[in-house]
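Shown next, in structure tokens, is the structure this report addresses.
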Amino acid sequence: MNKTTTPLTRRKFLTLAGSSALAVSLSGQKVLGANERIRMALISCGGRALTMATQFSKIAGVEIVAICDPDTAQMDSLVQRAAKKECDLSKAEKIQDYRKVYDRNDIDAVAISSPNHWHTLHAIEAVAAGKHAYVEKPVSHNLWEGQQLVAAEKKYGKVIAAGTQNRSDPGPQAGIQYVQEGNLGKILSVHACCFRNRSSIGAPLAKPLVPPSTIDYNLWLGPVEDKPIYRPRFHYDWHWIFNTGDGDIGNQAPHEIDMMCWVLGDPSLPAQMKSFGGRFGWNDAGNTPNMHTAFFKKKGIPCIIEVNDLWVSPEENRPGMRDQVRVGIVVRCEGGELRGGRGGMYAVGEDGKTKIEKFPGDGGEAHQQNFIDAVRAGSNKGLAAKVSNSVKSANLAHLANISHRSGGEVPEKRIRAMVQDDKHLNQILDEQAAQLKNWGIDQPKYTRGQILKVDWKTSTVKNEGVEKLVRPNGRKEFKVPELV
């Protein structure tokens with residue numbers, strides 16, 4: 001199945017040398033003036049790449065000179081899709097092997113929207129080669145990778161920005177500031193909600209899927225294990241397989257988790273993480289939960305991350321069951337609540353109904369401009385979404401997944417015992433019970449996640465038996481370098 005791809009000599013040289021001084025000499029680092037042209041490459045040409053192409057191409061002085069994907073059909077498709085958005089990529093060079101992108105001295109920055117398992121390695125290799133990097137969320141695929149990513153930014157002196165665009169949205173900016181200034185009193189709890197109403201990815205195949213003939217599968221696989229693929233569709237549905245994706249708690253929810261961290265002042269990891277969830281109703285090829293709830297305390301404040309991808313019933317797909325927020329956060333305070341997320345937030349008073357403030361947003365339209373400004377300044381100080389903060393929010397998703405993957409199946413009553421008298425967690429279970437009943441599941445069996453004990457100083461987990469979930473072995477040809 002795999003194609004043999006010979007690593008480039010320069011990549012080996014950079015990896016072995018591991019020196020910021022070397023990266024500087026190879027790239028000819030310099031601070032770019034405000035009017036200087038920024039030459040960019042897009043790493044990966046899937047659905048998110050179209051957004052990257054259209055947004056970056058609108059910025060004055062930015063030119064997309066190369067697009068890169070291990071699947072040549074994806075590159076062809078991106079050019080066609082971009083043209084429909086009046087974004088001309090016809091002159092951009094198509095490069096199948098990303099290492100040839102990093103070999104070019106005329107590329108200043110890359111935008112990385114590859115599958116999750118590639119995010120960290122792409123970003124580290126980019127900055128090691130003297131490029132600035134914009135990397136989509138989650139910025140890492142496991143806890144250990146996140147540590148290396150933060151270290152890489154410091155070592156190579158290049159800008160690494162995260163695609164958590166809520167940080168550039170005036171709605172969340174104003175709403176979170178409103179809470180942090182004490183306008184609603186003390187924070188009592190924070191609830192991150194992600195109701196996406198997705199569909200099954202289809203029954204498992206009888207025989208492993210053969211990757212498209214247009215793809216260099218070795219390059220696509222990169223650092224993760226070569227496991228048989230039994231899902232019907234190759235692209236995108238890698239999100240719902242733990243080997244390459246992180247489920248929706250690591251796909252959409254990092255945006256909401258990031259706002260949770262933001263309103264709390266971007267604290268370190270919690271000392272403990274609990275979770276419950278499961279993949280209900282679909283009986284498909286995915287192995288990540290379609291209902292996943294993780295909870296913990298930070299600064300003494302209870303925090304809940306709630307993901308629900310399941311339809312209300314097999315026949316009815318509509319917005320999530322909770323009316324307040326479908327995709328966003330609810331910050332419960334002594335004097336009211338802050339609700340919302342991307343595109344706008346609002347505050348309600350103590351009655352939970354009366355809107356007392358509105359914070360309109362724009363979806364983070366200036367986020368890519370913010371990255372380019374940082375590139376021109378040669379500094380991450382003005383970044384809205386610093387990678388150090390995005391690693392923290394990604395790590396909460398990783399902890400939730402580690403808890404789930406190291407847990408065991410139990411009846412619902414065991415979950416009730418775990419959440420005890422927490423009214424918000426019990427509300428989630430009540431709503432899920434009604435939803436699952438619509439699917440013909442009267443006595444659901446949940447995965448009760450292992451209670452994780454976390455060393456927040458080192459971003460590691462103390463529990464035994466989860467070491468490979470914290471730091472997978474990886475494949476030799478595509479090892480994430482150990483920088484810390």
Side-chain angles (χ1 to χ4, degrees), residues 191-205 227 230-231 237 239-243 245-253 272-296 304-317 320-322 396-453 461 463-466 468-469:
H191 192 153
C193 303
C194 178
F195 293 90
R196 294 294 290 177
N197 293 299
R198 298 187 184 275
S199 300
S200 165
I201 64 171
L205 301 174
K227 294 184 175 183
Y230 290 98
R231 64 181 183 271
D237 287 345
H239 275 297
W240 324 121
I241 307 295
F242 276 124
N243 189 45
D246 302 276
D248 235 359
I249 206 162
N251 176 41
Q252 169 62 45
Q272 189 181 86
M273 172 76 79
K274 299 179 182 179
S275 73
F276 61 85
R279 193 171 184 89
F280 299 104
W282 291 337
N283 299 315
D284 65 0
N287 63 10
T288 61
N290 56 17
M291 288 181 173
H292 197 177
T293 303
F295 52 104
F296 56 94
I304 298 173
I305 304 166
E306 180 188 0
V307 170
N308 191 328
D309 284 347
L310 196 64
W311 290 21
V312 173
S313 74
E315 296 79 27
E316 186 181 4
N317 180 3
M321 299 173 73
R322 190 161 304 116
L396 288 175
H398 298 327
L399 287 176
N401 279 334
I402 292 170
S403 173
H404 178 86
R405 296 175 73 183
S406 61
E409 196 173 70
V410 299
E412 182 192 353
K413 64 181 180 180
R414 293 279 300 277
I415 305 298
R416 295 279 185 180
M418 178 174 68
V419 305
Q420 297 179 344
D421 59 352
D422 187 298
K423 66 177 183 179
H424 300 299
L425 292 171
N426 275 286
Q427 180 190 9
I428 291 171
L429 285 168
D430 289 342
E431 291 176 350
Q432 290 182 356
Q435 187 178 4
L436 291 171
K437 190 173 182 179
N438 289 337
W439 284 80
I441 304 171
D442 291 320
Q443 295 181 324
K445 288 190 176 180
Y446 282 84
T447 294
R448 174 176 172 169
Q450 183 177 180
I451 300 173
L452 298 185
K453 298 178 181 178
V461 179
N463 304 57
E464 294 182 0
V466 300
K468 287 188 177 180
L469 300 179

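In what follows, every heavy atom counts, from backbone to side chain, and hydrogens, waters and symmetry copies are set aside.
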Task: Sole candidate of Asp284, Asp248, Asp309 that passes salt bridge (charged side-chain N to carboxylate O under 4.0 Å, His left out) when paired with Arg279 - done: Asp284

Open item on the list: Between Ser403 (side chain only) and Gln450 (backbone N and O only), is there a donor and an acceptor less than 3.5 Å apart?
Closed with: yes

Task: side-chain contact (heavy atoms from CB on, under 4.5 Å) partner of Leu399, chosen from Leu469, Ile249, Ile305, Val461 - done: Val461

TODO: Start with the C-alpha gap between Val419 and Thr293, add the side-chain angles, then the distance that decides, and say whether side chain to side chain contact (heavy atoms under 4.5 Å, CB included) holds.
DONE: CA-CA 11 Å; Val419 305; Thr293 303; over 6 Å; no

- [ ] Please state whether the rings of His424 and His191 are parallel, tilted or perpendicular, taking 30° and 60° as the class boundaries.
- [x] perpendicular

Open item on the list: Any heavy-atom pair between the side chains of Phe280 and Met291 that's under 4.5 Å?
Closed with: yes

Open item on the list: Quick one: does any side-chain atom of Trp311 pair with a main-chain N or O of Trp439 as donor and acceptor, under 3.5 Å?
Closed with: no

Open item on the list: Within the 4.5 Å heavy-atom criterion, are Trp282 and Leu310 side-chain neighbours or not?
Closed with: yes

Open item on the list: Checking side-chain polar atoms at under 3.5 Å, does Asn308 have a donor or acceptor matched by the opposite partner on Gln435?
Closed with: yes

Task: Value rounded to 0.5 Å, distance of NZ in Lys413 from CG in Leu429 - done: 15.0 Å

TODO: Determine the interplanar angle of the Phe276 and Tyr446 rings, folded into 0 to 90°, and report it as parallel if under 30°, tilted if 30 to 60°, perpendicular if over 60°.
DONE: perpendicular

Open item on the list: Other residues, nucleotides and ligands only: do more than 12 of their heavy atoms fall within 6.0 Å of CD on Gln443?
Closed with: no

- [ ] Please lay out, stage by stage, how Arg416 and Glu412 fare under the test side chain to side chain contact (heavy atoms under 4.5 Å, CB included).
- [x] CA-CA 6 Å; Arg416 295 279 185 180; Glu412 182 192 353; 3.0 Å; yes

- [ ] Measure the shortest side-chain to side-chain distance between Asp246 and Asn251 over non-hydrogen atoms and say whether it is less than 4.5 angstrom.
- [x] no

